[in-house]
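A quick write-up on the structure given underneath.
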Amino acid sequence: MAEQRLNGIIRAWEAGKPAFTCFSKVDKLMAQELTDAPYDGVVYEMEHNPYDVSALGDALQYMLNRRKIAESGSVAPAVTPLARIPANGVEMNQAFAKQVLDRGVYGVIWPHVATVEQAYNAVASCRYARPKDAPLYEPKGVRGDGPATAARYWGLSQADYYARADVWPLAPQGEILVGLMCESTQAIENLDDILANVPGIGFILIGEGDLSQELGYARQYEHPVVVDAMRRIVATCHKHKVPVGNPHTNAKNLEQLLGEGYRFLMSAPTRSYGVVGKGRELAGY
């Protein structure tokens with residue numbers, strides 16, 4: 001019998017469906033509410049909000065629902081937690097990824113990744129080291145070894161955690177997603193090389209805010225210049241069959257985003273359940 005997929009975002013993609021997600025502050029009560037929300041995943045925002053791994057660990061525990069776990073037979077929370085870390089791609093701070101992964105998240109989103117080197121570091125930071133002659137050696141893992149808390153949270157032995165704590169889709173059994181923020185003109189120019197030369201990238205998330213700032217049309221997401229830049233990102237992701245995400249999904253743009261092939265759709269938590277429901281209906285859930 002095949003192992004049950006723990007990561008609900010990957011589960012949606014493997015079923016040919018888009019994944020519906022949201023940003024959330026690191027908060028225990030919000031985490032408890034999100035447990036029963038109709039999302040595939042939640043991204044704990046720690047780039048612009050405080051970076052607090054202790055609070056993140058508490059929030060992850062509040063996401064666990066023993067009744068739902070018993071009913072589904074899955075040890076994973078119903079809504080898959082990821083974390084956006086504060087380190088920009090250029091800063092090469094692997095420790096941020098290590099710490100949130102060691103708490104138990106199923107993926108890391110890296111802001112401001114713009115080069116092949118930065119993308120390689122992002123993926124490598126989410127992988128454990130392995131022998132040079134091992135399969136799937138590259139990108140060479142640099143994540144430090146401290147799996148006890150994460151393995152317990154995933155409901156696995158440490159040996160089973162090691163087997164599944166690798167990046168998808170590079171490792172088909174992997175449960176960890178590496179998301180890269182594409183939010184600059186440099187990133188757009190380099191995106192084709194990044195996706196061609198760095199295996200293990202789970203998805204690209206467009207950073208419309210920073211991108212629109214650089215283009216001179218701050219938060220004017222419907223301006224033709226901003227729209228054209230976003231279309232270039234989407235086209236490059238489609239070329240390489242890498243899911244692309246939009247962080248500002250709402251009732252107004254939902255059908256358009258689905259039609260354009262976005263597969264990681266982020267909307268406002270709690271206030272957007274209707275948007276998620278309509279999105280699932282349109283996506284054929």
Side-chain angles (χ1 to χ4, degrees), residues 7-9 12-13 17-52 55-56 58-60 62-63 65 77-86 100 105-112 177 179-183 202-213 217-223 226-227 230 233-234 243-283 285:
N7 190 315
I9 299 169
W13 289 339
K17 308 295 185 184
F20 294 93
T21 67
C22 68
F23 276 121
S24 174
K25 62 183 179 180
V26 179
D27 177 82
K28 290 184 288 189
L29 295 180
M30 179 67 76
Q32 188 172 343
E33 181 173 340
L34 285 168
T35 299
D36 296 316
Y39 292 108
D40 299 294
V42 57
V43 177
Y44 284 108
E45 163 56 354
M46 301 172 74
E47 179 191 9
H48 296 290
N49 289 341
Y51 180 75
D52 187 339
L56 175 65
D58 289 343
L60 295 183
Y62 271 77
M63 290 191 72
N65 183 318
V79 179
T80 299
L82 312 182
R84 181 162 76 170
I85 58 176
V100 297
V105 298
Y106 291 80
V108 179
I109 295 180
W110 294 77
H112 296 282
L177 283 172
L180 308 182
M181 298 286 295
C182 185
E183 44 193 340
F203 64 98
I204 297 296
L205 180 61
I206 298 177
E208 297 173 305
D210 287 275
L211 179 60
S212 64
Q213 288 276 3
Y217 303 99
R219 292 188 174 268
Q220 298 179 47
Y221 302 139
E222 297 182 4
H223 191 282
V226 179
V227 170
M230 292 173 63
I233 297 171
V234 172
V244 61
N246 185 291
H248 295 112
T249 304
N250 54 50
K252 181 180 178 182
N253 65 12
L254 174 62
E255 290 193 49
Q256 176 185 340
L257 295 177
L258 287 171
E260 292 176 357
Y262 284 88
R263 298 175 62 201
F264 188 86
L265 299 165
M266 304 193 73
S267 54
T270 69
R271 300 188 300 275
S272 60
Y273 294 169
V275 175
V276 178
K278 180 65 179 301
R280 290 183 181 280
E281 180 183 336
L282 290 170
Y285 271 83

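Fair warning: this is a prediction, and the values are worked out from it, not measured in the lab. Residue indices begin at 1 and follow the sequence shown.
The shortest distance between side-chain heavy atoms of Val234 and Asn246 does not fall below 4.5 Å. In this structure, Tyr106 and Leu82 have side chains that are in contact, with non-hydrogen atoms separated by less than 4.5 Å. The side-chain heavy atoms of Arg219 and Tyr221, taken from C-beta on, include a pair separated by under 4.5 Å. Taking 4.5 Å as the limit, some side-chain heavy atom of Phe20 sits within range of a side-chain heavy atom of Leu254. Looking only at side-chain heavy atoms (C-beta outward), Asp36 and Asn65 come within less than 4.5 Å of each other. Met230 places a side-chain heavy atom less than 4.5 Å from the side chain of Tyr262. Side-chain atoms of Val100 and Tyr51, non-hydrogen and from C-beta on, do get closer than 4.5 Å to each other. Side-chain atoms of His112 and Met181, non-hydrogen and from C-beta on, never get closer than 4.5 Å to each other.
Judged by distance alone, the side chain of Thr249 and the main-chain N or O of Met266 form a donor-acceptor pair under 3.5 Å. The closest donor-acceptor contact from the side chain of Thr80 to the backbone of Gly41 lies at 3.5 Å or more, if one exists at all. Lys17 places a side-chain N or O within donor-acceptor distance of the main-chain N or O of Ala283, the cut-off being under 3.5 Å. Side-chain atoms of Glu45 do not come within 3.5 Å of backbone N or O of Lys25 as any donor-acceptor pair. Listed for the Arg84 side chain is no donor-acceptor partner under 3.5 Å among the backbone atoms of Phe23.
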Verify side-chain contact (heavy atoms from CB on, under 4.5 Å) between Tyr44 and Leu60, making sure each step is shown before the conclusion.
CA-CA 10 Å; Tyr44 284 108; Leu60 295 183; 4.1 Å; yes
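Contact detail for Cys22 and Ala268: the closest heavy-atom pair is CB-C, 4.5 Å. Taking all atoms of both residues into account, the shortest heavy-atom contact from Val43 to Ala83 is CG1-C, 4.3 Å. When all heavy atoms of Asp40 and Ile9 are compared, the closest pair comes out as O-CG1, 4.0 Å. For the residue pair Arg263 and Pro243, the shortest heavy atom distance occurs at NH1-CG, 3.5 Å.
The CG atom of Asp27 lies 9.5 Å from the CG atom of Leu34; values are rounded to the nearest 0.5 Å. Leu257 contributes atom CG, which lies 13.5 Å from atom CZ of Phe264 (distance to the nearest 0.5 angstrom). Interatomic distance, CD1 of Ile204 versus SG of Cys182, reported as 6.5 Å (0.5 Å rounding). Put simply, CG on Leu180 and CD1 on Ile206 are 12.5 Å apart, with the number rounded to the nearest 0.5 Å. Between the CD1 atom of Ile109 and the CD1 atom of Ile85 there is a distance of 10.0 Å, given to the nearest 0.5 Å.
Remark: Ala78 engages Lys68 in a side chain to side chain contact (heavy atoms under 4.5 Å, CB included) (not counting sequence neighbours). For Glu260, the side-chain hydrogen bond (donor to acceptor under 3.5 Å, both in side chains) criterion is met by Gln256, not counting sequence neighbours. Remark: His248 pairs with Glu208 by the side-chain hydrogen bond (donor to acceptor under 3.5 Å, both in side chains) rule, at least two apart or across chains. Listed by chain and number, the residues in a side-chain hydrogen bond (donor to acceptor under 3.5 Å, both in side chains) with Tyr62 amount to none (sequence neighbours excluded). Contacts of Val79 classified as side chain to side chain contact (heavy atoms under 4.5 Å, CB included), with partners at least two apart in sequence or in another chain: Tyr39, Val42, Met63.
Residue pairs meeting the salt bridge (charged side-chain N to carboxylate O under 4.0 Å, His left out) criterion with at least one member in residues 244-259, sequence neighbours excluded: Glu222-Lys252, Glu255-Lys278.
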